[in-house]
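Naming convention: chains lettered A, B, ... in sequence-line order (proteins, then strands); numbering from 1 in each chain.
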Protein chains: 2
Amino acid sequence: MKDILYKYLSRWTSLGEEDQQAIVNEIRVEKLDKGAVLFKQGDVPAACYFILEGCVRQYAIDEDGREVTTNFYTEEQAIAIFNHHKSDKSSEYTFVCVEDSVLVVGDLDQEKDMYDKHPQLEFMTRRMMEENFSKVQAEFAAFIASSPEARVKTLLANRPSLFDRVPQHQLASYLGITPESLSRIKKRIG
Amino acid sequence: MKDILYKYLSRWTSLGEEDQQAIVNEIRVEKLDKGAVLFKQGDVPAACYFILEGCVRQYAIDEDGREVTTNFYTEEQAIAIFNHHKSDKSSEYTFVCVEDSVLVVGDLDQEKDMYDKHPQLEFMTRRMMEENFSKVQAEFAAFIASSPEARVKTLLANRPSLFDRVPQHQLASYLGITPESLSRIKKRIG
DNA sequence: TCCGCGCATTGACTTAAGTCAATGGAGATC
DNA sequence: GATCTCCATTGACTTAAGTCAATGCGCGGA
């Protein structure tokens, strides 16, 4: 299981094996059941997460009471960017496990300690953040420019496993369409 | 003009007046004409920017040759997040002035020097990045969840000045709709 | 094992946005 | 000042997605 972590550390840092082991040994890994909530919209997050196995859905309830799914995190993805800019630092999103999942959990109040002990971690965090940011920007651009049908095709091409792992109506919400439309589009392009 | 900068520094750092002046004096401010290009899609950006006055449009040409506008930057906004994650660090977007503009230009190869001299700047940069990230995420979520008409209403509410400053067909592209639809929606909700 | 609920699918209909085409106005150029 | 070009608007028509409603399958709980 932890080999995923080693792979990730190697990709993003130039740490030696001993340092990597030191980090991995300090790390808390938790197993969460399907339906488990990492934290809720309005909560102040106490930890950041890195997915070793499973799938986490990010969603918000908007002003009209509708549930909007804004992301799915799967293996090797980090949930680490929150609303630092909001004065109360509360989350605008709820994060919930779509499947039984195994996550690295990093307590935010130990963040500084970890960075002091392992300076390269801070660099890695920055890089992950930049990568995530670029990705979200690119996805946003693609979303703006494409029709619902094109969006479904893109998602099928880029993350086909989501269609097996995630309920259709949540996928539809993530794609900005109704479940009925998603069903019809799938039939049309199937 | 530079009072905008002071305001911004005060908001984001706890620097004393002397330090602020030191920073502001080191800074390069440039006046650019409407139509001037900061850098093009495919270029490796040499600088980051902060808008004191004017308006910059961010766009990309997609695979089908269509121009997709992905953002408009106006007063007090920073253009500072690039594709650090791409191996060649080239930009996926072109940035062009929609109006005559006045920008702070920060050479990226002097970035480290500036951070060494003024450590708080690095903190400020991180914060700006986090804020931008949260904002893009929130905008994305809102975009997913709303119809073209609702998106127009939201933009009218949040950034009404764009409708005066920016050509309609570019706004339409930014909103993910055709210029014809934008025209009709405006008439409908006007 | 059986029952019940949630959810995916399908159908009929409505509606809003896309497409194609024409018009007309404002600003730029000479 | 006249012309040209670009672009916003408007119209007619097409199409795809939304809405409302019914059905039926599958999964989980008792």
Indicate yes or no: at least one non-hydrogen side-chain atom of Ile27(A) is less than 4.5 angstrom from one of Val29(A).
yes

Glu67(B) vs Ser173(B), test: side chain to side chain donor-acceptor pair (under 3.5 Å). Steps then yes/no.
CA-CA 8 Å; Glu67(B) 190 180 292; Ser173(B) 160; over 6 Å; no

Between Phe39(B) and Phe95(B), is the gap from one ring center to the other below 6.0 Å?
yes

Using a strict heavy-atom distance below 4.0 Å, which residues from residues 177-190 of chain B are in contact with DNA chain D?
Glu180(B), Ser183(B), Arg184(B), Lys186(B), Lys187(B)

Side chain to side chain donor-acceptor pair (under 3.5 Å) for Ser146(B) and Arg151(B)? Distances and angles first, verdict last.
CA-CA 6 Å; Ser146(B) 52; Arg151(B) 297 202 288 265; 5.0 Å; no

A side-chain contact here means heavy atoms from C-beta on lying under 4.5 Å apart; do Gln137(B) and Tyr93(A) qualify?
yes

Could you measure the distance from the CG atom of Leu103(B) to the CD1 atom of Ile51(B)? Nearest 0.5 Å is fine.
5.5 Å

What do you reckon, are the aromatic ring centroids of Tyr174(B) and Phe72(B) less than 6.0 Å apart?
yes

Where along residues 140-171 of chain A does a heavy atom fall under 4.0 Å from DNA chain C?
Pro167(A), Gln168(A), His169(A)

Kindly assign one of parallel, tilted or perpendicular to the pair Phe133(B) and Phe133(A), based on the angle between their ring planes and the thresholds 30° and 60°.
tilted

Are Glu149(A) and Arg184(A) packed together at the side-chain level, in the sense that at least one heavy-atom pair is separated by less than 4.5 angstrom?
no

About how many Å separate CD of Gln168(B) and OG of Ser183(B), when rounded to the nearest 0.5 Å?
7.5 Å

For DNA chain C, which nucleotides open and close the run of contacts to chain A, 5' to 3', at under 4.0 angstrom from a non-hydrogen atom?
dC7(C) to dA12(C)

